[in-house]
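Structure first, then comments.
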Number of protein chains: 2
Amino acid sequence: MQSFTEENYLKIIYHLSSDTDVAVQTNAIAEKMGTKAASVTDMIKKLADKQLIIYQKYQGVKLTDTGRRTAINIVRKHRLWEVFLVEKLSFKWDEVHDIAEELEHINSSELIERLDEFLAFPKNDPHGDPIPDKDGKFDSATFIKLNKLKTNEQGLVMGVSEHSSAFLKHLEKLGLTLGKLVKVTDITDFDGSIELLVESKKINISREVAKHILIKA
Amino acid sequence: MQSFTEENYLKIIYHLSSDTDVAVQTNAIAEKMGTKAASVTDMIKKLADKQLIIYQKYQGVKLTDTGRRTAINIVRKHRLWEVFLVEKLSFKWDEVHDIAEELEHINSSELIERLDEFLAFPKNDPHGDPIPDKDGKFDSATFIKLNKLKTNEQGLVMGVSEHSSAFLKHLEKLGLTLGKLVKVTDITDFDGSIELLVESKKINISREVAKHILIKA
DNA sequence: CTAAAAGTTTAGACAAATCTAAAAAATATT
DNA sequence: AATATTTTTTAGATTTGTCTAAACTTTTAG
């Protein structure tokens, strides 16, 4: 078994490499962990000793199959707990991240399988992210970022790639929640900010915000 | 905020002193924590510095009001999670202790208040132990230990004072679960073992087992 | 293609929680 | 009351995860 810290390193490495599958750099990990590069070097040596990652000096790290399986399991737990918090305890989608961050380290596969069943085997968490099943399999439907849509194109909001409370509350206020149909009506030349139609209401979002909204065309 | 370890020390000190309110000894803590006396000395100095306990060298420790409040809050969380596991996730009463031992350290009062509400504000956990409310108040109904009953006396099973899986499974097998009416039909001279009537079935338990069964006469 | 900048690792140190062995205090025994 | 036993504390060491400062690689830019 791993410590909470080791689990957090694995999870971060997983998130940093899941798109690209390219080696993850020490500094990138340090930034996400909120530690210094030197500390990361120490830890990745330890994880490499345990065969959870592959590490070559100065070349960054990649997850091994075992490491990836472990990381995905943590992600599974995180997302299931988020569903629980929203569906059963009536938390808002912007309130659950930090609590799930603690709950994800609770160590009982029996607990997680029963929680999954209690929640009726949800496929996605409150932010649209897919929930891996107990074998680590999940839909990897790739969505388009909203900033890629052109004027007059439209699609459904399927997820977000940023989980901060500030961001999610902002979307909430704009009515930009999961399942909504959005249509791009204009893109400003000046700063690229985007004008949208959501439920016949016209709203304006920055390019930065649009980047974190995932769309099914 | 405290570390998990500090929380565990407080909880153990609370359990060791809640009956008697007498100073708790270093060795007693060490035994419950599964550590050595020397480690306990180090930790109680730290807890004393934080004003969570009162410590005088060689004289054991007592909780301060703050320390007791903290300990009771951990107990509250533990027991609420146990109710959740049994009522919502269909765990058996002998399976929940270790998982609740982890969950009790999750740090969010919002989470606990919502969980309490979700469970409809239960008064007791699956072993009959009272659940403190959010102000730390709870029924301190004191029950009689089953070994104190004399022949022909009877009462209701209201709780157990031992939470090991082995013990609870044993009770389960005997049909000695919460709410059952039991009547002492005989007490063996030889070893003090007790013959009981439970739902018109005659069973036999050792004195040691009887000590851990709490009865309302 | 070399020099500067950026990124990474090493060395040595620290805090938390634990340990063993030895010393000191409290308690029990004769 | 003196001694033996038990309990507790101290001293010094270890492990985990972190740090700073300095050294070393790799990458970038002129």
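Worth saying up front: this structure is predicted, and the values here are computed from it rather than measured. Just so it is clear, the values below take in all heavy atoms, side chains as well, and ignore hydrogens, waters and symmetry mates. In what follows, chains are A, B, ... by sequence order, proteins preceding strands, each numbered from 1.
For D/dT9, one of the phosphate oxygens OP1 or OP2 lies less than 4.0 angstrom from a side-chain nitrogen or oxygen of B/Tyr55. For C/dA6, the OP1/OP2 oxygens have no side-chain nitrogen or oxygen of A/Asn27 closer than 4.0 Å. The phosphate of D/dA21 (OP1 or OP2) has no side-chain N or O of A/Lys36 nearer than 4.0 angstrom.
Counting to the nearest Å, the C1' atom of D/dT7 and the CD1 atom of B/Ile29 are 13 Å from each other. One can place CE of A/Met43 at 11 Å from P of D/dC19, the figure rounded to the nearest angstrom. Note: CG (B/Asp42) to P (C/dT20) measures 13 Å, nearest angstrom. Spacing between atom NZ of A/Lys50 and atom C1' of D/dT16 amounts to 10 Å, rounded to whole angstrom units. The CG-C1' distance, from B/Leu47 to C/dA16, rounds to 13 Å in whole Å. Between the CD atom of B/Gln25 and the C1' atom of D/dT6 there is a distance of 10 Å, rounded to whole Å. Protein atom CD of B/Glu6 is 14 Å distant from nucleotide atom C1' of C/dT18, rounded to whole Å. Separating the CD atom of A/Glu31 from the C1' atom of C/dG7 is a distance of 14 Å, rounded to the nearest angstrom.
Between B/Ile44 and A/Tyr9, the residue whose closest nucleotide on DNA chain D is further toward the 5' end is B/Ile44.
Closest contact between the side chain of A/Ala37 and the listed nucleotides C/dT9, D/dT8, C/dT18 involves C/dT9. Between D/dA21, C/dT20, C/dT8, one nucleotide has an atom nearer to the side chain of B/Ala38 than all others, and that is C/dT20. Here C/dT10 is the nucleotide among C/dT10, C/dT18, D/dT18 with the atom lying nearest to any side-chain atom of A/Thr41.
Partners of B/Glu101 by side chain to side chain contact (heavy atoms under 4.5 Å, CB included), not counting sequence neighbours, listed by chain and number: B/Lys11, B/His78, B/His97, B/Glu104. For A/Glu172, the side-chain hydrogen bond (donor to acceptor under 3.5 Å, both in side chains) partners are A/Trp93, not counting sequence neighbours. Judged as a side chain to side chain contact (heavy atoms under 4.5 Å, CB included), and not counting sequence neighbours, the contacts of A/Ala48 are A/Ile53, A/Tyr55. When the ring pair (Phe, Tyr, Trp, His ring centres under 6.0 Å) test is applied to A/Phe138, no partner is found at least two apart in sequence or on another chain. With sequence neighbours excluded, no residue forms a salt bridge (Lys or Arg N to Asp or Glu O under 4.0 Å) with A/Glu195.
Counting any heavy atom pair closer than 4.0 Å across all strands shown, B/Ser39 reaches a base atom. Looking at heavy-atom distances under 4.0 Å, A/Thr35 makes contact with sugar-phosphate atoms alone, never a base. Residue A/Thr26 is in sugar-phosphate contact alone, with no base atom involved, counting any heavy-atom pair closer than 4.0 Å across all strands shown. Nucleic acid contact for B/Phe4: none, since no nucleic acid atom lies under 4.0 Å from a heavy atom of the residue.
The stretch residues 56-64 of chain A comes close to DNA chain D through A/Tyr58, A/Gln59, each having a heavy atom under 4.0 Å from the strand.
A cation-pi arrangement, defined by a distance under 6.0 Å to the six-membered ring centre and an angle within 45 degrees of its axis, is absent between B/Lys88 and A/Phe84.
Heavy atoms from other residues, nucleotides or ligands lying under 6.0 Å from CG of B/Asp135 number more than 12.
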Checklist line | Stepwise side-chain hydrogen bond (donor to acceptor under 3.5 Å, both in side chains) test for B/Glu162 and B/Ser164 | finding: CA-CA 6 Å; B/Glu162 155 74 43; B/Ser164 71; 2.8 Å; yes
